[in-house]
Each structure stands twice: as C-alpha cells, then as structure tokens.
Amino acid sequence: MKQTRRLVNMILALIATFALQMTVAQAKTTYLSVSARDYLQTTKKLTVTNSYYKNIKMTLPKGTVVQVASAARSQKTHHPFFTIDMDTMSYRLRKPFYNAKSKPNMTAGIWATTADFKKVDSPQYLRYYHVTSPDTRSAGDYVADGNLWQGDKWPANETTAKASGIKVTVDGYLEAYSKVKVFQAYAPKPVGYAKIQKTVTNGKTTDFYVASKIKGMPLTRVAKSGKNQYRLSITRTGEHGVTMIPEDEHPQYIDSVEVSEKYLIDNQNYYMHTEVLF
C-alpha cells in the first residue's frame with residue numbers, strides 16, 4: 001500500500017513538474033497582436049538585423065520605444081512579427097546600418113513576443129505631430145515622420161532640394177541636420193543630437209528639454225546645471241501647404257500632390273511632410 005501511494009505521489013509530482021514546464025514554455029511563446037504604427041517598448045536588451053542581407057546587427061537596449069512599420073503573420077506558424085523603420089530611430093541606434101549593403105532602413109522581421117515587448121501609448125515627445133487615426137484622417141498616404149525642415153512647404157524639386165532640419169526620434173532623441181536632401185533613401189547622419197529629458201506641452205507649443213547643447217539646433221539655455229539646461233520650443237500652427245509635383249516626361253500633368261503641415265521654431269518657419277495624394 002505504501003509503495004502504491006509512493007508511486008502515485010511520484011507520478012503526481014512528475015505531472016505537476018511537466019505542467020509547470022509547459023506553463024513556463026507557453027508564457028515564453030505568447031504573442032502580441034500588433035498593427036502598423038503601434039508603439040512597443042522592449043522589456044529586455046534585444047538584437048535585430050537589417051532586412052536585406054541580415055549581416056548588420058543592432059542592439060535595442062531594455063526600455064527602448066519603437067514603432068511598428070509593418071506587421072504580418074508567419075505563413076508557417078501564424079505567429080505575428082513586425083519590422084522597424086530605422087529612419088525613425090536615433091542615430092546612436094541606427095549607426096551600424098550605415099555599414100550595410102544598400103544601406104537599408106528596414107529591419108528584418110521581429111517576433112512580437114510578450115517576453116520581448118509590451119504595448120505602450122504614443123510617447124509625449126511625439127504628440128506634437130501625432131494623429132490618432134491617420135489612415136482615416138488622410139485621403140492619401142500618411143507619411144509624417146517627425147522630420148521638420150526649414151521652409152514653408154515641401155519643395156517641387158523634391159529629388160534635389162536640400163534643407164536644414166530637426167527630428168524627434170521615436171526612442172526620444174533630438175537630432176539636427178545641416179543642408180541635407182529632404183527626399184532621402186535613408187536618414188542622414190545628424191550634426192548633433194541629445195536625449196530628451198523632459199517634454200512639456202502648453203497648447204500648440206511643445207517644449208523639449210535636454211542636458212547639453214546640440215550643434216545646429218536653436219536651443220534656449222534655461223538652467224546652469226542639471227538635465228534640463230536647454231530647451232527647444234516647437235509650435236504647431238495648424239496651417240498646411242500644398243505642393244504640386246509635375247510628371248517628369250509630361251510636366252503639364254500632375255504626378256502627385258504633397259501636403260505639408262507648418263510649424264514655428266525660434267520664430268522661423270518649418271514644415272513636416274504629412275501626406276501624399278496621387
């Protein structure tokens with residue numbers, strides 16, 4: 001009788017151990033439901049690769065905010081995966097991709113596991129241009145990406161035009177660009193950048209605070225020490241500009257209509273390319 005009871009207890013213990021292992025295994029392989037433009041935050045340090053040759057690796061530190069560029073499911077396992085547009089991320093993270101063949105700006109597919117990511121709301125530092133439902137708001141393709149260029153609206157000579165600009169990255173950095181092409185195959189190298197320490201929104205104006213000066217950026221010094229020494233103020237005017245792009249071979253016809261939203265920085269006009277209408 002004792003041997004039978006001991007055997008039963010051993011079997012129960014094995015079943016319990018197996019069930020626990022299965023639970024842990026399942027917990028490690030659960031997935032998030034993700035869609036394009038969702039915001040995710042890494043829950044641990046991760047390594048991703050570029051989308052073409054997968055020969056370039058990049059590290060995403062724990063706590064990094066990313067935005068889903070595209071989302072799909074594996075045809076084999078039906079598990080969800082997504083990609084990141086590295087142009088939206090800070091130079092310190094996308095820097096390895098400049099050594100890649102063809103300099104791709106997209107990552108290879110990343111599994112949307114709950115062990116690696118959690119869903120988050122849009123960061124406060126991105127809400128100066130954030131639109132809740134861009135696909136229903138826009139009549140064309142919504143292309144707003146955080147880039148603010150000096151000027152009034154998107155240039156008609158878009159493939160050759162150059163400008164200086166400012167970018168707020170998805171992972172929370174301010175970057176400055178000096179006379180680079182506004183129509184880019186991939187994000188250029190900034191002349192200066194710094195991590196955003198604090199964001200304050202007051203009506204149409206958003207103030208970004210950083211700890212150090214950024215080359216090429218019109219910052220105002222507001223403190224002599226600490227993390228919030230310099231401030232950049234961006235005002236969203238709510239005004240828009242429209243640019244007609246002619247066809248190359250038949251300039252009398254319109255190829256596309258480019259919509260820009262107007263901003264003010266240090267009393268200077270800036271614009272963000274927001275929509276493409278065909």
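FYI, the numbering just counts along the sequence from 1. Below, all heavy atoms of this structure are taken into account, side chains as well, without hydrogens, waters or symmetry copies.
Note: Thr274 OG1 to Asn147 CG = 12.5 Å, rounded to the nearest 0.5 Å. Rounding to the nearest 0.5 Å places CD1 of Ile214 at 5.0 Å from CG of Leu219. Distance CG/Leu93 to CD1/Ile84: 9.5 Å, rounded to 0.5 Å. One finds the CD atom of Glu175 at 10.5 Å from the CE atom of Met89 (value rounded to the nearest 0.5 Å). In this structure, His130 NE2 and Arg236 CZ are separated by 9.5 Å, a value rounded to the nearest 0.5 Å. The distance from atom OG1 of Thr47 to atom CG of Leu60, rounded to the nearest 0.5 Å, is 8.0 Å.
Residues Tyr177 and Val182 are members of one and the same hydrophobic cluster, defined by side-chain heavy-atom contacts under 4.5 angstrom among Ile, Leu, Val, Met, Phe, Trp and Tyr. The cluster map of Ile, Leu, Val, Met, Phe, Trp and Tyr, joined by side-chain heavy atoms under 4.5 Å apart, puts Tyr271 and Phe183 in the same cluster. The hydrophobic clustering, which links ILVMFWY residues whose side-chain heavy atoms are closer than 4.5 Å, places Ile234 and Leu264 apart. Cluster annotation: Ile245 is not connected to Val257 through the hydrophobic network of ILVMFWY side chains, with a link wherever side-chain heavy atoms come within less than 4.5 Å. By the criterion of side-chain heavy atoms lying less than 4.5 angstrom apart, applied directly or through intervening Ile, Leu, Val, Met, Phe, Trp or Tyr residues, Val48 is grouped together with Leu32 in one hydrophobic cluster.
Side chain to side chain, Ser233 and Thr205 fail the donor-acceptor criterion of an N or O pair below 3.5 Å. For the residue pair Arg221 / Tyr230, a side-chain donor-acceptor distance below 3.5 Å is found, with atom types taken as modelled. Between the side chains of Arg92 and Tyr193, not a single donor N or O lies within less than 3.5 Å of an accepting N or O. There is a side-chain donor-acceptor pair under 3.5 Å between Thr83 and Ser70. In the model, Ser260 has no side-chain atom that pairs as donor or acceptor with a side-chain atom of Glu258 under 3.5 Å. Side-chain contact check for Tyr186 and Gln184: no donor-acceptor pair (N or O, by modelled atom type) lies under 3.5 Å. Side-chain contact check for Tyr39 and Gln67: at least one donor-acceptor pair (N or O, by modelled atom type) lies under 3.5 Å. A donor-acceptor contact closer than 3.5 angstrom links the side chains of Arg127 and Ser122. Side-chain contact annotation: Tyr142 with Glu275, donor-acceptor N/O pair under 3.5 Å absent.
Checked against the 6.0 Å centroid criterion, the rings of Tyr91 and Tyr98 qualify as a close aromatic pair. For an aromatic pair to be called close, the ring centres must be under 6.0 Å apart, and Tyr263 with Tyr129 fails this. Outside the 6.0 Å centre-distance limit, the rings of Tyr209 and Tyr125 are not counted as a close aromatic pair.
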Inset, instruction - Applying side chain to side chain contact (heavy atoms under 4.5 Å, CB included), run through Thr114 and Tyr31 and close with a yes or a no. - result: CA-CA 5 Å; Thr114 56; Tyr31 295 83; 5.9 Å; no
Inset, instruction - Go through the steps to decide whether Val210 and Leu174 satisfy the test side chain to side chain contact (heavy atoms under 4.5 Å, CB included), and finish with yes or no. - result: CA-CA 8 Å; Val210 294; Leu174 284 178; 3.8 Å; yes
Inset, instruction - Any chance you could lay out the side chain to side chain contact (heavy atoms under 4.5 Å, CB included) test for Ser51 and Thr107, step after step, and finish with the verdict? - result: CA-CA 5 Å; Ser51 61; Thr107 64; 5.9 Å; no
Legend entry - Pair Thr199-Asp207, side chain to side chain contact (heavy atoms under 4.5 Å, CB included): steps then yes or no: CA-CA 6 Å; Thr199 307; Asp207 293 330; over 6 Å; no
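Contact of the Ser256 side chain with the Thr243 side chain is not registered, since no non-hydrogen atoms from C-beta on lie closer than 4.5 Å. Under the 4.5 Å side-chain criterion, counting only non-hydrogen atoms from C-beta, Asp38 is not in contact with Phe82. Annotation: side chain of Val242 is in contact with side chain of Met244 (closest heavy-atom distance under 4.5 Å). When side chains are defined from C-beta on, Val68 does not count as touching Arg37, because their heavy atoms never get closer than 4.5 Å. Side chains of Phe208 and Asn228 form no contact here, defined as non-hydrogen atoms less than 4.5 Å apart. In this structure, Val168 and Leu126 have side chains that are in contact, with non-hydrogen atoms separated by less than 4.5 Å. When side chains are defined from C-beta on, Leu46 does not count as touching Thr59, because their heavy atoms never get closer than 4.5 Å. Side-chain contact between Gln41 and Phe117 is absent, with no heavy-atom pair separated by less than 4.5 Å.
Nearest heavy atoms, Gly146 versus Tyr128: O-OH, 3.1 Å. What you find for Ala71 and Ala36 is that their closest heavy atoms are CB-N, 4.4 Å. When all heavy atoms are compared, the tightest approach of Val191 to Gly216 is CG2-CA, 4.5 Å. Residues Lys167 and Asp145 come closest through the heavy atom pair NZ-O, 4.1 Å. Annotation for Ala144 and Met272: closest pair CB-SD, 3.9 Å, computed over non-hydrogen atoms. Taking both residues in full, the closest heavy atoms of Pro123 and Val170 are given as CG-O, 4.3 Å, listed atom of the first, atom of the second, then distance.
Between the side chain of Asn50 and the main chain of Ile56, a donor-acceptor pair closer than 3.5 Å is present. Put simply, the side chain of Ser164 gets close to the backbone of Lys179: a donor and an acceptor are under 3.5 Å apart. Listed for the Thr43 side chain is a donor-acceptor partner under 3.5 Å among the backbone atoms of Asp116. Side-chain atoms of Thr42 come within 3.5 Å of backbone atoms of Thr64 as a donor-acceptor pair (strictly under, hydrogens ignored). Gln229 places a side-chain N or O within 3.5 Å of a backbone atom of Gly226 that can act as its donor or acceptor partner. A donor-acceptor pair under 3.5 Å links the side-chain atoms of Ser74 to the main chain of Thr77, judged by distance alone.
Surrounding CD of Gln252 are more than 12 heavy atoms belonging to other residues, nucleotides or ligands, all under 6.0 Å away. With a 6.0 Å radius and a threshold of 12 heavy atoms from other residues, nucleotides or ligands, Lys119 has its NZ atom above the threshold. Applying the 6.0 Å contact sphere to CG of Asn157 captures more than 12 heavy atoms from other residues, nucleotides or ligands.
A salt bridge does not link Arg94 to Asp87: none of the charged side-chain nitrogens sits closer than 4.0 Å to a carboxylate oxygen. Taking a cutoff of 4.0 Å between a charged side-chain nitrogen and a carboxylate oxygen, Asp152 and Lys262 do not qualify as a salt bridge.
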